[in-house]
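Keep in mind that the numbers below use all heavy atoms, side chains included, and drop hydrogens, waters and symmetry copies.
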Amino acid sequence: MAAAAAMAEQESARNGARNRGGVQRVEGKLRASVEKGDYYEAHQMYRTLFFRYTSQSKHAEARELMCSGALLFFSHGQQNSAADLSMLVLESLEKAEVEVADELLENLAKLFSLMDPNSPERVAFVSRALKWSSGGSGKLGHPRLHQLLALTLWKEQNYCESRYHFLHSTDGEGCANMLVEYSTSRGFRSEVDMFVAQAVLQFLCLKNKSSASVVFTTYTQKHPSIEGGPPFVQPLLNFIWFLLLAVDGGKLTVFTVLCEQYQPSLRRDPMYNEYLDRIGQLFFGVPPKQTSSYGGLLGKAGAPGVGAAVCTGQALSPRPLPRGSAVHALLLRGVSPGPGPLPCLQLLFSPCSQNIAGGARAPRGTVVPGALSTGHRIQARFFSFFIVVKYRERHHLNHLQCTVPGR
């Protein structure tokens with residue numbers, strides 16, 4: 001029985017070798033036809049062979065032949081014939097129900113990169129390729145294929161389309177590098193923070209926290225117009241930085257205070273409200289509005305939720321910090337830029353917490369971190385740093401408002 005199985009395997013290998021040899025011989029004849037300039041005849045022969053192989057369930061041979069034929073036609077500037085054979089490559093993948101593999105994705109991306117960027121065939125090809133790569137899962141395509149498409153579009157300086165595909169990949173670093181180039185070549189200096197803010201918020205809407213963090217860190221480190229941080233000179237960058245920290249903690253109180261304190265920055269783009277609504281639902285347990293529905297990447301406009309509420313002054317009702325705590329008092333005072341908050345802030349840092357635990361007396365009416373629950377203690381330390389950053393932002397902006405136009 002084992003011997004019979006071995007013989008069957010050897011026969012299968014010989015058949016495979018014969019098939020590959022047959023494909024190579026046919027391909028040689030077709031190549032000669034193309035080299036002579038008989039493009040139409042060669043194209044029709046490719047199509048005839050494709051349907052012959054497909055009817056015999058030789059899908060691998062058909063795919064290999066169509067891929068090499070498409071590349072051959074591309075090399076001779078025959079865009080229409082090449083695009084047609086590229087679509088046949090996809091058809092063979094669909095009919096054979098082939099599993100997604102890196103080599104196949106790279107082949108598809110290669111064909112995409114050679115197509116005329118303005119041709120309708122390219123749009124049809126990428127749509128069909130992404131659908132196949134999703135494997136019937138209903139997703140928006142395989143992340144690796146999105147990454148390869150994004151890199152091609154980036155080389156073509158089609159930044160908008162490249163950005164879309166990066167968002168559906170897992171390549172946060174590549175996305176950040178593309179955004180740096182996009183911002184420096186096409187954007188205004190006053191909008192350097194908005195390029196990365198939108199990308200981070202959309203990554204979070206897609207529940208991709210890791211890529212959101214990578215794109216933010218890489219962008220802020222490599223952009224020539226962003227000074228070292230965090231914290232940053234631009235308040236919107238500080239908001240995004242705090243938001244990424246808050247997402248890890250999942251505390252609605254923190255999320256709400258951030259949105260309230262950064263209202264001026266969040267009003268710069270009306271879409272920020274919708275992103276924050278979705279982020280509130282995904283990471284902070286905010287129930288979705290009955291009238292809201294989210295589809296695709298950005299979703300549809302619905303009734304105002306968390307983001308809209310905080311930006312229109314409508315207060316939410318998360319579990320607050322205890323009244324009388326230093327954090328609560330400072331928030332009520334609006335984080336004024338004067339020297340007043342700094343003595344109270346010292347009580348919120350961990351070294352000072354140890355001193356208080358060792359016997360030092362806190363000011364009357366102040367709840368120190370050691371006396372708080374674990375959750376509130378984490379929030380207190382977060383807010384302490386948040387207040388310092390807000391203090392620096394306002395102090396810096398007040399100092400520069402006479403020298404920087406548009407501030």
Side-chain angles (χ1 to χ4, degrees), residues 12-134 141-142 144-146 148-156 158 161 165:
S12 176
R14 284 194 294 269
N15 290 336
R18 282 196 296 271
N19 289 334
R20 285 192 294 272
V23 170
Q24 291 172 356
R25 284 193 297 273
V26 171
E27 186 179 352
K29 294 178 181 179
L30 292 171
R31 182 178 295 274
S33 233
V34 172
E35 296 292 347
K36 289 189 298 183
D38 296 333
Y39 302 126
Y40 177 79
E41 180 182 350
H43 183 193
Q44 295 308 309
M45 282 297 297
Y46 272 110
R47 291 184 61 85
T48 300
L49 288 169
F50 172 79
F51 292 112
R52 181 181 300 171
Y53 281 138
T54 301
S55 66
Q56 298 171 2
S57 297
K58 296 180 178 179
H59 299 292
E61 291 85 350
R63 182 171 63 253
E64 180 183 341
L65 185 61
M66 293 306 104
C67 188
S68 63
L71 294 175
L72 181 61
F73 277 119
F74 276 128
S75 68
H76 285 78
Q78 300 299 304
Q79 281 283 329
N80 292 336
S81 296
D84 180 62
L85 297 190
S86 298
M87 296 299 287
L88 293 179
V89 171
L90 283 173
E91 186 173 330
S92 71
L93 290 171
E94 294 164 349
K95 288 185 175 181
E97 298 181 353
V98 180
E99 291 187 4
V100 177
D102 283 347
E103 182 181 358
L104 296 175
L105 296 177
E106 289 168 4
N107 289 339
L108 294 178
K110 177 67 173 178
L111 295 174
F112 172 82
S113 69
L114 295 171
M115 290 183 180
D116 180 359
N118 299 316
S119 67
E121 291 82 7
R122 195 189 210 197
V123 177
F125 177 83
V126 72
S127 175
R128 195 168 170 182
L130 288 170
K131 183 178 179 180
W132 169 78
S133 72
S134 66
H142 196 282
R144 173 59 176 163
L145 181 56
H146 275 295
L148 294 170
L149 297 175
L151 293 172
T152 294
L153 292 162
W154 179 11
K155 291 178 183 177
E156 297 172 358
N158 187 345
E161 291 294 326
H165 289 290

#### Entry: Heavy-atom side-chain contact between F50 and S92 under 4.5 Å
yes
Tell me, do M87 and R128 make a side-chain contact under 4.5 Å, heavy atoms counted?
yes
Review point. Would a 4.5 Å heavy-atom cut-off, applied to side chains only, mark H146 and L130 as touching?
Key: yes
So does K110 pair up with E106, basic N to acidic O under 4.0 Å?
no
Scanning both residues in full, the closest heavy-atom pair of A42 with L30 reads O-CD2, 4.1 Å
Give a yes or no on whether Y40 atom OH has more than 12 heavy-atom contacts from other residues, nucleotides or ligands under 6.0 Å away. no
Heavy-atom nearest pair, R31 first then L72, reads NH1-CD1, 3.3 Å
**Asked** Would you say the side chain of L88 lies within less than 4.5 Å of the side chain of T54, judging by non-hydrogen atoms?
**Response** no
dist N158:CG -> H165:NE2 (nearest 0.5 Å) comes out at 8.5 Å
Looking only at heavy atoms, the pair that brings L145 and S133 closest together is CD2-OG, 3.7 Å
Worksheet entry | Verdict with reasoning, L93 to L108, per side-chain contact (heavy atoms from CB on, under 4.5 Å) | CA-CA 11 Å; L93 290 171; L108 294 178; 4.2 Å; yes
### Message
Could you go through M66 and Y46, starting from their C-alpha distance and side-chain angles, then the distance that decides it, and tell me whether this counts as side-chain contact (heavy atoms from CB on, under 4.5 Å)?
### Response
CA-CA 7 Å; M66 293 306 104; Y46 272 110; 3.8 Å; yes
Between the CD atom in Q78 and the CG atom in D84, the distance rounded to the nearest 0.5 Å is 12.5 Å
Between S81 and H43, do the side chains contain an N or O donor and an N or O acceptor separated by less than 3.5 Å?
yes
When every non-hydrogen atom of L111 is compared with those of F125, the smallest separation belongs to CB-CZ, 4.1 Å
Salt bridge check: are E94 and K131 linked by an N-O gap of less than 4.0 Å? no
Is there side-chain contact between V98 and R63, with heavy atoms separated by less than 4.5 Å?
yes
Looking at E156 and R122, is there a salt bridge between them, counting it only when a charged N and a carboxylate O are closer than 4.0 Å? yes
To the nearest 0.5 Å, atom CZ of F74 lies from atom CE of M115 at 4.5 Å
Note to self: Can you confirm whether M45 is buried at CE, in the sense that more than 12 heavy atoms of other residues, nucleotides or ligands lie under 6.0 Å from that atom?
What the structure shows: no
Here the gap from L104 atom CG to W132 atom CH2, rounded to the nearest 0.5 Å, amounts to 5.0 Å
Output for pair (S68 OG, F73 CZ), nearest 0.5 Å, gives 10.0 Å
Requested in this report: Taking the side chain as every heavy atom from C-beta outward, state whether L65 and L85 have any pair of such atoms under 4.5 Å apart.
Outcome: no
dist L71:CG -> C67:SG (nearest 0.5 Å) comes out at 5.0 Å
For G141 and S134 the tightest heavy-atom approach is N-CB, 4.0 Å
Smallest heavy-atom separation, Y39 atom then V34 atom, equals CE2-O, 3.5 Å
